[in-house]
Structure formats: structure tokens, C-alpha cells
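Below, chain A is the first sequence line, B the second, and so on; all start at residue 1. Heavy atoms only: backbone and side chains are in, while hydrogens, waters and symmetry mates are out.
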Amino acid sequence: MHAPSTRRILVTSALPYANGHIHLGHLVEYVQTDIFVRFQKLRGHHCIYLCADDTHGTAIMIRARAEGTTERELIATMREAHLADFAGFQIAFDHYGSTDSDANRRLCGEIWSRLRARGLVVSRDVQQLYDPQAGVFLADRFVKGTCPKCQAADQYGDSCEQCGAAYTPADLVDPVSTLSGARPEVRSAEHLFVTLEPLHDFLATWTRSSGAVDPRIANYLAGHFLCDPLRDWDVSRPAPYFGFEIPDAPGHYWYVWFDAPVGYLAATDEWCAARGDTVAAWWGRGGANEPPAEIHHFIGKDITYFHTLFWPAMLEAAELSLPTKVRIHGFLTVNGAKMSKSRGTFLLARTYLDQLDPGMLRYFYAAKLSGGIDDIDLNLDEFAAKVNADLVGKVVNLASRTARWLETTGLSARYPDDGGLFAQAAADGAEIAAAYEDCDFARAMRAIMLAADRANAYVDAEQPWKLAKAGPDASAKLQDVATVALNLFRQLAVYLAPVLPVLAEQAGRLMGGPIRSWEESQAPLVGLPVAAFEPLMKRVEKTQLEALLAASRAEAEKDARHKGATAMEPTPATSSATPPVTSAAQDSGEALAAEPLAPTCTIDDFAKIDLRVARILTAEEVPEAKKLLKLTVSLGGDATRTVFAGIKGFHEPTALVGRLVIVVANLAPRQMKFGLSEGMVVAASGAGAPGVYLLSPDSGALPGMRLH
RNA sequence: GGCAGCGUAGCUCAGUUGGUUAGAGCACCGGCUUCAUAAGCCGGGUGUCGCCGGUUCAAGUCCGGCCGCUGCUACCA
């Protein structure tokens, strides 16, 4: 063992945006960070975990308006919800701040002054679309219009989903504000920029050789940003904007991504203020008397360049410490696919907490996280199997099967011969600790479960249940065997304490008191009383998982109704997601549940849609398209239409020719990448089963007949 | 379309700087056990390491090209 630690470690997770609730995707990051922090604390290091709500920006402003409330009420409510969700998952922040705080305003100002002093702030006019009705400048996503390149309708302001063209909102044909429906006007406004090019060499060197950035990420940055002169970073927004007004530029506000990372500093400041510590002690570069603190940022891969380019640039300009490590993780998929509201796999934190034990998800994530940027998958069947086998079957069961024999006698006075089991697991501690340090929690969990296997094999070989029946002569031996088993259990609890703090507490209550140090894994306990055993963890039942998905779907429906949305997302016509397991004996309610009925419409509404019988004349593959077949249909006579239908992969083109189908005959033509689509072929699909099923009329129907 | 990542046993993955007959857990099958919240122990694996080609004495591991899957391409993780 080495001398007491002098490591001081400041750890952050990315700030969750105050515009939405915490879901299981967010939790990958917070659980990962929390495990790392708890591990460092258990090792005796001076480690603090800081985070905050990210509260500013257009989205918050718009949402507050829509809900008829103020921004500050909105973010206060959301903050409470976030804190409750984090507490539920045992995320133990040392301080949780807000970007809408005095400390943040002050620190933004200080950094701003440093940027100004170094001549890194420049001003330039920017052409931006303005919604005269709502009275706001429109961010790209709040403008829709026709793509200037391919004429596809209904495209966002920054790029076209049909042809992939990138442009600015001002290029859109017939732009419309999604806020008010008004036609936006192009206005010129002054914006302030941070020029990053003077820091180019610094960033190139830092990303490559500081060790803070994974080499793969450094490569990506080198190939995408650092190969050209760095573009100036637009850090201001004109009023109205929910955020901080820039002190030396009245009417201008710091862009949300400027003040968000400063939130790390502000959270530090608030934590320090309560303890007589100083931000400089953690973020300062000076102080030759003590080594600088380590700074670890945990982030998702989507915000990589903010944390590896902009943020280091700000810190460098302000002469503050740079991150020791930017630890980047991937995204969460559920059952092999992106979280989806219609499949019930868009799982909110509190929905999970209503059904299941948070420790189980913490363990599952730990078993999946290996420190890389790969996405991880939450397969619910695997989740149940893993948690039940590892935690319930191996770890908890070890105590459950032996503790009762020690309730009266307590642990043996001297640690018995266990064939070297405890010593072996103690020696494994170095490897397990190294895995935790690398954030390769999967490796740590594997090593811990191997120790659990050995412990269970020991119990099996010693057969304490036979000793218990053998009478008084065997009682000393029985006590010894149970003493070994419980010590091995406690050792596991120490190793798992960063992941399962509640299990660690339970183990402490059972015997030996609270687990406070990693070192407790190195020496067995003897001669102590053992408390009455209480069940530690229950198996995950399939019904709980079903309840989770059902609750989640109900949540999504409520949400959809609230927003008045008619369709939550495109039909997953070619989804490869595993279909939910349901009995085939009777029709499942799955499809209906997944896509609730649309609001009632009148017969007049229905009459607007002209559905006709049509005959498919030609059907051909569109080689470049993933989902589309190009069809020519006849409505009788010489009325024909070209229709692109999203049925590729489900229907053979040749088998379709001659077939009667139903088409929406009066649908506005839509310009698609591969040509103009003049209608829509009606087909059934749903979340309950994969596939797309064309509708056909009874025999006798003729092209051109209308559906009434 | 662009960008990124991944493709190793039915499933989830491990395979360190290329080096002996490619591993683990789960699932499955058989046996044992019954202390435990139906938990535990033992035994059982020839899998074109996605495909093709290249470098090498040697390639799951390096290089090139294909194919497939996933994610991103939103001021969200």
C-alpha cells in the first residue's frame, strides 16, 4: 500500500437541459460518473462531484411561453424533478447548481473579460430569420420551408432531410416560423464571436498530446476541425433571449453553450463558498506548493467538440486549468434500437423507479460500460437475466444462505483457513481498482463475479447445511464456514460499493458497520456480532418489465396528447427492432397501444381525403433508396400516377404488378429525392409486428372507384 | 447523402504491443445438491473470428476494398 493520497479530483457530468425530464439515456452518464466518484472517495481521494441544470436558451423561452409561465418558474420546477430523479438513482452530487445563478453570471463575466483582454472577441452582422409575430429571432430548427436544392417541402432551416443539402434558413423557399406560422423576415443583427484561430496551435497540441482526449477522438478533431482554420464561434444572441445579458454589450445575451460549461466553474464556486475553499484551488494553474487538481469531464459523444475545442479554448484564454480527462461515452439503445416512444422504450427515470430497483440498473450499466465511446444496449431480457444471475443468485445469495448460522454466535474469533480464498480476492483488488480507474467497469464487474463464483463454490464444497444438522460437535466448523462466507460477501460488497451503495450499507448493517474504505477489502472481520438477516434484493420478474414498458407507453401517449401531436415519429416500417414478445393465440393490443387513435374527425374531414382503387402498372426498385419502390398506378382510363411507396423489402416489385391497391389520390405531390411522388399507397403497419401490409379491395372492384 | 462506431458460440461480450489447440457469462442439455429470496455446484462448444484480397515465418489482431448493422447529422444524453 502507498502513502495517503494527495489526489484532488474534480468530476463533472454534462449539465442536463432544463427542457425535459431525465431518462435512462441520461443516466448512463450520471451512473457512470457517480460510480467513478464513489470509487475515488472509497479510495480515500479528495474527490468532488459537481453538476448543474442547464437553463438558458431559446427552447426554454419558447416552452415557458407555450405553457404560460415564466422561464424561472419553468426551470425551478424542472430542477426539482431532476433532483428527485437523481436522488432516486443514488447519484450523489457534492453540489448541484444552475447556470441561472449569480455565481455563473459573475464567472461568465470574468471569462468574457479575459477573452476581451486577449482580443479574441469580434463583432459581425449576421443575417437571421426573425418572426415578427412572436418577436424573436428563429433558431434553425424553428424554421421550416422548402429545400432550395431539391424542392422538398417541410424541411428544417439548416439542412434537408430529403437530399441532405446544407444551407442557412435564409435560403429556404417559402419559410415558415414553426412558432407562429408567420412568414419570417430576414433581419440583420449584430453577433459577437470568439475567434478561435489564434488558439489553433494550442488546441492541436492539447487534443493530441495532453492525454485528456482519446486518440480516436483526437483524430476525429484533427480531421474535421483542426485541418482548416477554426471558424469563429458565435457566442451571442440578440434580445429577446433567456440568459445573461452581456455586460459590455447591452441587448445581447450569451449563447446558452457559452454559459453552460462555465456552470462547472460556478458549481465549484458555490461548493467552495460553503466550505471556505476557493475556485482557484481547483481550477487555478499557480500554487507550486501543491499539485494541481485533476479535472474529469464525463460527457456524451454528441457534445465532444464543445468540450474538446471551445471549452479548452475558454479555459486557456482565462488561464485556468485544462481538463485532465474528457471521458466520452456512447448512447443508450433499448432492445437494440434507439429509444422510441411508440415502442414504449423511451424510458424516463421516474417511470423506471416506479417499477424497479435503481441498483439493478446501476449494476447493469456498470457491467456494460467499458470506458469507450461505443453505444450500450439495454436489452430488457438480458437485464433481467444478468441482474438475477449475478446480484441475486451469486452475491446476495452468498449472505442469504449463510448469515442465519451466525445470528447467535457471531463471527469466529479467528479467521479460519479458507484455502486462500479471501487472500486471493484481496489480491484481485488491485486489478479491480485499476479497472475502475480506467472506467472499464465491465472488467471490474467480471473480476468481482469471478470472486463471487469462487465463494459460492466454497460454500457448496463445505456443505454447512450438513454441519448444521450434525450436532454440537460440528458447530465450531459451521461457524468457521459461515464466517468465511460472510467475509467473502462483505469483500464483494466493498468492491461493489461504488456501484451499489445500498448493498454496501446493508452489508454494513449485517456486520462490521458502514463500509468507508477500499482497504476494508484487504482484511477479514472476526469476533463481531452478526445481525438478523434481512432480504437484500428481489429477483426481477418479467411482469415488472412488462409493466415498465406499459407505463412508459402510457406516459408517451399522455405526452403526445398534451402536445396535440398526431404522429410521434415516422412509422418504423423497416425497423429491425425485436418485436415485443406476445402470445400469438389471440390478437394483441400492441399495435393499438403503440399508436393510439387519432383525434375524432368528422365525415367532412374524411371527405377531404379521396381514397381510390388503383391498379399497379409498374413497380421498380430505386437502387439508392433504402425504403422506397417506384410505382406507377392507374386510376382507370389514362389517369396514372407515379408514387414512391415505402415498402421496399416487404414486397417484390414483380409480384406487385397488376395488383389492386388503395391510394390517396388527392394528396399534394411531394418532391422526393428520386422524383415527384403523386400520391400515397395505403398500407398497414405498426409496432406490434414488423412489416408493411398493402390493402386490397374485394374482387370486382375496379380502378378509379372511390372509398366511401 | 455525410460522419462515426461496430460486425468473434443461440444472446451479451472479452481477446492487451500480430505468436502455441480462439475464451467468459447467460441461455440450453445432463448430473449432483437442498442452506438460500426456486438460489448453488460439476460436466457438456469445430464457432467459415462479416466477405474478398494484401503484408508477414505467423493475422480475430495490421493494410486495402466490399457487404451488413447501429448511432449521429436537433441549442437534449
Side-chain angles (χ1 to χ4, degrees), chain A residues 13-30 54 56-60 139-142 150 156-166 216-217 219-220 223-224 237 243 255-258 260 298-304 306 329-333 336-339 367-368 370 372-377 379 381-386 388-390 392-394 396-405 440 442-443 445-446 449-450 453 455-469 478 481-482 485 533-539 576 624 626 673:
Chain A
S13 292
L15 314 187
Y17 199 47
N19 193 28
H21 287 288
I22 301 299
H23 55 63
L24 297 198
H26 292 102
L27 283 166
V28 171
E29 175 166 313
Y30 300 98
D54 181 16
H56 292 156
T58 310
I60 299 285
D140 294 353
R141 72 164 294 202
F142 293 114
C150 77
Y156 282 116
D158 53 351
S159 67
C160 172
E161 289 179 335
Q162 291 300 323
C163 73
R216 288 144 89 193
I217 300 296
N219 275 340
Y220 161 77
H224 287 80
R237 295 292 182 270
Y255 172 52
V256 58
W257 260 111
F258 181 86
F298 285 76
I299 61 166
K301 62 186 182 184
D302 56 324
I303 55 175
T304 295
F306 287 105
H329 61 80
F331 300 99
L332 180 73
T333 56
K338 185 176 166 177
M339 296 203 297
K368 286 278 176 181
S370 55
I373 58 173
D374 298 335
D375 293 348
I376 68 170
D377 184 46
N379 178 288
D381 290 334
E382 190 201 353
F383 168 79
K386 190 147 196 70
N388 289 340
D390 289 359
V392 181
K394 291 176 184 172
V396 163
N397 191 39
L398 188 58
S400 171
R401 65 195 303 207
T402 54
R404 68 199 201 99
W405 287 307
D440 190 348
R443 198 168 96 229
M445 295 308 108
R446 281 197 301 275
M449 287 309 138
L450 279 180
D453 284 339
N456 277 301
Y458 167 85
V459 174
D460 212 68
E462 296 297 332
Q463 301 183 307
W465 54 93
K466 286 194 177 164
L467 297 172
K469 289 173 185 162
L478 175 64
V481 170
F533 182 78
E534 291 168 18
L536 304 174
M537 199 178 283
K538 288 204 199 91
R539 290 174 66 81
S576 61
E624 315 93 285
K626 290 181 202 163
K673 184 181 176 186

Rounding to a whole Å, what distance do you find between [X]:[atom1] and [N]:[atom2]?
X	N	atom1	atom2	answer
A:E382	B:rG10	CD	C1'	13 Å
A:R404	B:rC35	CZ	P	8 Å
A:F306	B:rA77	CZ	P	9 Å
A:D381	B:rC28	CG	C1'	16 Å
A:M449	B:rG25	CE	C1'	11 Å
A:K394	B:rU37	NZ	P	20 Å
A:L332	B:rG5	CG	P	20 Å
A:I376	B:rG5	CD1	P	19 Å

*A:Y255 side-chain N/O to A:G57 backbone N/O, donor-acceptor pair under 3.5 Å*: no
*Judged by atom type as modelled, is there a donor-acceptor pair below 3.5 Å linking the side chain of A:H329 to the main-chain atoms of A:I299?*
yes
*Over all heavy atoms of both residues, which pair between A:V256 and A:H56 is shortest? Give the atoms and the distance, please.*
CG2-O, 3.3 Å
Need one value for [X]: base, sugar-phosphate or nothing, where a base atom within 4.0 Å counts as base even if backbone is also close, heavy atoms only.
X	answer
A:P535	base
A:L536	base
A:N397	base
A:V256	base
A:G20	nothing
A:M537	base
A:R443	nothing

Compare the minimum distances between each of [options] and the side chain of [X], then state the nucleotide with the smallest one.
X	options	result
A:D460	B:rG25, B:rA77, B:rG40	B:rG40
A:K368	B:rA77, B:rC13, B:rG40	B:rC13
A:Y17	B:rG71, B:rC75, B:rG25	B:rC75
A:A14	B:rG25, B:rC13, B:rA77	B:rA77
A:D453	B:rA14, B:rA77, B:rC41	B:rC41
A:F533	B:rA77, B:rU37, B:rG40	B:rU37
A:S400	B:rU12, B:rA36, B:rA77	B:rA36

Hey, what do you get for [atom1] ([X]) to [atom2] ([Y]), rounding to the nearest 0.5 Å?
X	Y	atom1	atom2	answer
A:W465	A:D460	CH2	CG	4.5 Å
A:D390	A:M445	CG	CE	10.0 Å
A:L332	A:K368	CG	NZ	10.5 Å
A:T304	A:D302	OG1	CG	7.0 Å
A:E29	A:F331	CD	CZ	10.5 Å
A:K469	A:L467	NZ	CG	11.0 Å

*Given that both pair distances must be under 3.5 Å and the pair must be Watson-Crick or G-U, what runs of three or more consecutive pairs involve RNA chain B?*
B:1-7 with B:67-73, B:10-13 with B:23-26, B:28-32 with B:40-44, B:50-54 with B:62-66
What distance, rounded to whole Å, do you find between the two [atom1] atoms, one in [N] and one in [M]?
N	M	atom1	value
B:rG47	B:rG15	C1'	15 Å
B:rG71	B:rA27	C1'	28 Å
B:rC35	B:rG18	C1'	50 Å
B:rG40	B:rG54	P	50 Å
B:rU33	B:rG23	P	32 Å
B:rG60	B:rC76	C1'	38 Å
B:rG68	B:rA22	P	30 Å
B:rU8	B:rC69	C1'	15 Å

*First encountered from the 5' end of RNA chain B, between A:N456 and A:V396*: A:V396
*Take A:E534 and A:D54, find for each the nucleotide of RNA chain B with the closest heavy atom, and name the residue whose nucleotide sits nearer the 5' end.*
A:E534
_Stacking check A:W465 vs B:rC35 (5.5 Å / 30 deg)_ = yes
*Considering only heavy atoms from C-beta outward, does the side chain of A:R443 approach that of A:R446 to under 4.5 Å?*
yes
Taking only side-chain N and O atoms of [X], does any of them lie within less than 4.0 angstrom of OP1 or OP2 on [N]?
X	N	answer
A:R539	B:rA39	yes
A:K386	B:rC13	no
A:W257	B:rC76	yes

